Amino acid sequence: MTTLIVGAGASGLVLAIKLKLNNLNHKVIIIDKNNKPGRKLSVTGNGKCNIGNINLSSNYYRNKVFSDLVFNKYDFKAQCDFFECLGIKTKMIHELCYPFSESAKTFVDYLYSYALEQGVEFRFEEELIDYLVEEKSIKAKTNKNVYKIDNLVFGTGGKSYSKFGSDGKIFDILKSHKYQISKMYPGLCPIKTKEVTKIISGMRLKANVSLLLDNKISYEENGEVLFKDDGLSGIAIFNTSSIIARNINNFNNANIVLDLFPDMTLDELTKEFMKKSEGNYFNILKGYFVQNVASYILKRANLNIDLKIENKKDIVNLAKICKNFAFTYKDLYDFENAQVTIGGLSINNLGKYLESNIENNVYFVGEIIDNDGLCGGFNLMWAFGSALYLGDNLCK
């Protein structure tokens, strides 16, 4: 039996290894348009490679049904055990799992070497042009070769980080084969706001982040917020961006609200501010924020940094601003600034084993499928988990 895997990323590498471990005689070929494997995987987790999260749950993903299919078989422990069995020692940092080396490059190099040792064949700088499903085999044409194979697996990723190869071109091929492709949006990315934020670009604040639609909270998370020239960034914002992208038509008038003092009630904060009611308004905030951030907050409250305090109503309003520091959603950053793709191959095209329900012996794994996760290792766990799950079922 011969299987051709398109994409030498997280899913492709793990699937290839799993297929060979299940049957050493199974011929496995991986093609990739890049000149080396795992280019996107090599930079994940700021280069440290956060490969898992002990809190793994289908609730973190867009599609609960398919997530449950995979994670009921390959949960957090099962995935970690798989890597440990390969000889990759893992370690926990809080709820996150990393390779012991905390090096994404080392992790990729190990998987690549292990796959080679198992007899996996790699063909780099090779790109799929099209394929034909015949009665008893599949003919796959690339820019370099024509392969006659038994199984074809797509593990190419989506459209995020196209400089690493996932430029979305594969979806044109799939469309020509009548697959349903959900509209794609950037996920886990910064958010552009209508409010100008350039004056505090580069500043970081801890806050409770709430996504509001029609004044109702659709999502919230505590975390660090990084201000950019034209909006907001940081992990909590990344997750917020994915919630928006998953429901993009419902968030045209959305607001992102930061509670800068989540551990205090409005009354408690107001009383704290009242204790500093002598002097100017900057005197109230200088114990909490650097000057340009304090100045920006005061400006949003229509107060001047040097203005002498004369009205205690202004102090009450300032406390309200700090508890309800609101920004108006304008747009998402583009795919080059996104960690993951929202959308892609519709799950309507898949059977319960991640097989195509349109063509025989065609399969899909990882980010190419419309089932993104939030930050914290969840997208890699889908990539690895779906590969391991398919590896077992494809062999059957």
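In this text the structure is predicted, and so the values were computed from the model without any measurement.
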Query raised in the report: Around atom CG of Asn46, are there more than 12 heavy atoms of other residues, nucleotides or ligands at under 6.0 Å?
Result: no

Report task. Write down the atom of Leu19, the atom of Gly391, and the distance for their closest heavy-atom approach. Result -> CD2-O, 3.7 Å

Query raised in the report: How many angstroms lie between atom CG of Asn215 and atom CG of Asn255, to the nearest 0.5 angstrom?
Result: 7.5 Å

Query raised in the report: Are the charged groups of Arg39 and Asp32 less than 4.0 angstrom apart, N to O?
Result: no

Query raised in the report: Quick one: ring pair (Phe, Tyr, Trp, His ring centres under 6.0 Å) pairs with a partner in residues 78-104, sequence neighbours left out?
Result: Phe83-Phe107, Phe83-Phe384

Query raised in the report: Is any NZ, NE, NH1 or NH2 atom of the basic residue among Lys148 and Glu134 found under 4.0 Å from an Asp or Glu carboxylate oxygen of the other?
Result: no

Query raised in the report: Nearest heavy-atom pair of Asp150 and Met1: which atoms, and what distance?
Result: OD2-CA, 3.2 Å

Query raised in the report: Step by step, would you call Glu126 with Asn145 a side chain to side chain donor-acceptor pair (under 3.5 Å)?
Result: CA-CA 8 Å; Glu126 188 163 349; Asn145 294 292; 3.1 Å; yes

Report task. Please name the residue in the list Met274, Lys323, Lys320 that meets the side-chain contact (heavy atoms from CB on, under 4.5 Å) test with Leu269. Result -> Lys323

Query raised in the report: Roughly how far, to the nearest 0.5 Å, is CG of Leu332 from OG of Ser241?
Result: 6.0 Å

Query raised in the report: Looking at side-chain heavy atoms only, is the closest gap between Asn361 and Val133 below 4.5 Å?
Result: no

Query - Ion pair check, Asp267 and Lys271, cut-off under 4.0 Å - result: no

Distance-only donor-acceptor hits, side chain of residues 227-236, under 3.5 Å, sequence neighbours excluded:
residue	atom	partner	partner atom	Å
Asp229	OD1	Ser201	OG	2.7
Asp230	OD1	Tyr333	OH	2.3

Query raised in the report: Have Asn317 and Asp314 got a donor and an acceptor in their side chains that come within less than 3.5 Å?
Result: no

**Report entry** Distance-minimising heavy-atom pair for Asn53 and Met381
**Finding:** N-SD, 3.2 Å

Report task. Could you give me the CA-CA distance, side-chain angles and deciding distance for Ile368 and Phe171, then say whether side chain to side chain contact (heavy atoms under 4.5 Å, CB included) is met? Result -> CA-CA 9 Å; Ile368 193 172; Phe171 293 107; 3.7 Å; yes

Query raised in the report: Centres of the Tyr185 and Phe335 rings: under 6.0 Å?
Result: no

Query raised in the report: Which is it for Phe327 and Phe325 under the ring-ring contact (aromatic ring centres under 6.0 Å, His included) test, yes or no, and what are the steps along the way?
Result: CA-CA 7 Å; Phe327 294 84; Phe325 201 36; 5.1 Å; yes

Query raised in the report: Would you say the side-chain atoms of Ser57 and Asn59 include a donor-acceptor pair closer than 3.5 Å?
Result: yes

**Report entry** Over all atoms of both residues, closest heavy-atom pair of Tyr61 and Asn371
**Finding:** CB-OD1, 3.5 Å

Report task. For Asn253, look at atom CG and say whether over 12 heavy atoms of other residues, nucleotides or ligands are found less than 6.0 Å away. Result -> no

Query raised in the report: Rounded to the nearest 0.5 Å, what separation is found between the CD1 atom of Ile51 and the CG atom of Leu96?
Result: 11.0 Å

Query raised in the report: Between Cys375 and Gln339, which heavy-atom pair has the shortest distance, and what is it?
Result: SG-OE1, 4.3 Å

Query raised in the report: Out of curiosity, Leu354 CG to Ser386 OG, how far, rounded to the nearest 0.5 Å?
Result: 6.5 Å

Report summary line: One should read off an interatomic distance between Leu345 CG and Leu350 CG, to the nearest 0.5 angstrom, of 5.0 Å

Query - Aromatic ring proximity Phe154/Tyr131, centre distance under 6.0 Å - result: yes

Report task. Could you pull out all residues at least two apart from Asn222 that satisfy side-chain contact (heavy atoms from CB on, under 4.5 Å)? Result -> Asn208, Pro262

Query raised in the report: Taking the six-membered ring for Trp, are Phe122 and Tyr112 ring centroids under 6.0 Å apart?
Result: yes

**Report entry** Check ion pair Lys141-Asp130 (N to O, under 4.0 angstrom)
**Finding:** no

Query - Any donor-acceptor N or O pair under 3.5 Å, side chains Thr328, Glu195 - result: yes

Report summary line: Those residues at least two apart in sequence (or on a different chain) that pass ring-ring contact (aromatic ring centres under 6.0 Å, His included) with Tyr389 are none

Query raised in the report: Side-chain donor-acceptor pair under 3.5 Å between Tyr74 and Asp392, yes or no?
Result: yes

**Report entry** Within 6.0 angstrom of Lys198 NZ, more than 12 heavy atoms from elsewhere
**Finding:** no

Query - Residue that, paired with Thr240, satisfies side-chain contact (heavy atoms from CB on, under 4.5 Å) out of Leu188, Leu374, Val225, Val209 - result: Val209

Requested in this report: Check the pair Thr142, Glu127 against side chain to side chain donor-acceptor pair (under 3.5 Å), reporting the backbone distance first and the verdict last.
Outcome: CA-CA 5 Å; Thr142 73; Glu127 186 173 358; over 6 Å; no

Query - Lys144, NZ atom: more than 12 neighbouring heavy atoms under 6.0 Å - result: yes

Report summary line: Between the CZ atom in Phe124 and the CG atom in Asn34, the distance rounded to the nearest 0.5 Å is 8.5 Å

Requested in this report: Applying side chain to side chain donor-acceptor pair (under 3.5 Å), name anything that partners Glu95, two or more places apart in sequence or on another chain.
Outcome: none

Query - Exceeds 12 heavy-atom contacts within 6.0 angstrom, atom CG of Asp214 - result: no

Report task. Search all heavy atoms of Val196 against all heavy atoms of Tyr296 and return the closest pair with its distance. Result -> O-OH, 2.9 Å

Query raised in the report: Hey, is Glu224 close enough to Lys206 for a salt bridge, meaning N to O under 4.0 Å?
Result: no

Query raised in the report: Under 3.5 Å, is there a donor-acceptor pair between the side chain of Arg62 and the main chain of Ile243?
Result: no

Report task. With sequence neighbours left out, write down each residue that passes ring-ring contact (aromatic ring centres under 6.0 Å, His included) with Tyr179, or none if nothing qualifies. Result -> Phe364

Query raised in the report: Thinking salt bridges, do Lys159 and Glu367 make one under a 4.0 Å N-O criterion?
Result: no

Report task. Could you verify whether a donor N or O on one side chain and an acceptor N or O on the other, from Asp370 and Ser346, lie under 3.5 Å apart? Result -> no

Query raised in the report: Taking it one step at a time, do Thr3 and His26 satisfy side chain to side chain contact (heavy atoms under 4.5 Å, CB included)?
Result: CA-CA 8 Å; Thr3 295; His26 190 145; 2.7 Å; yes

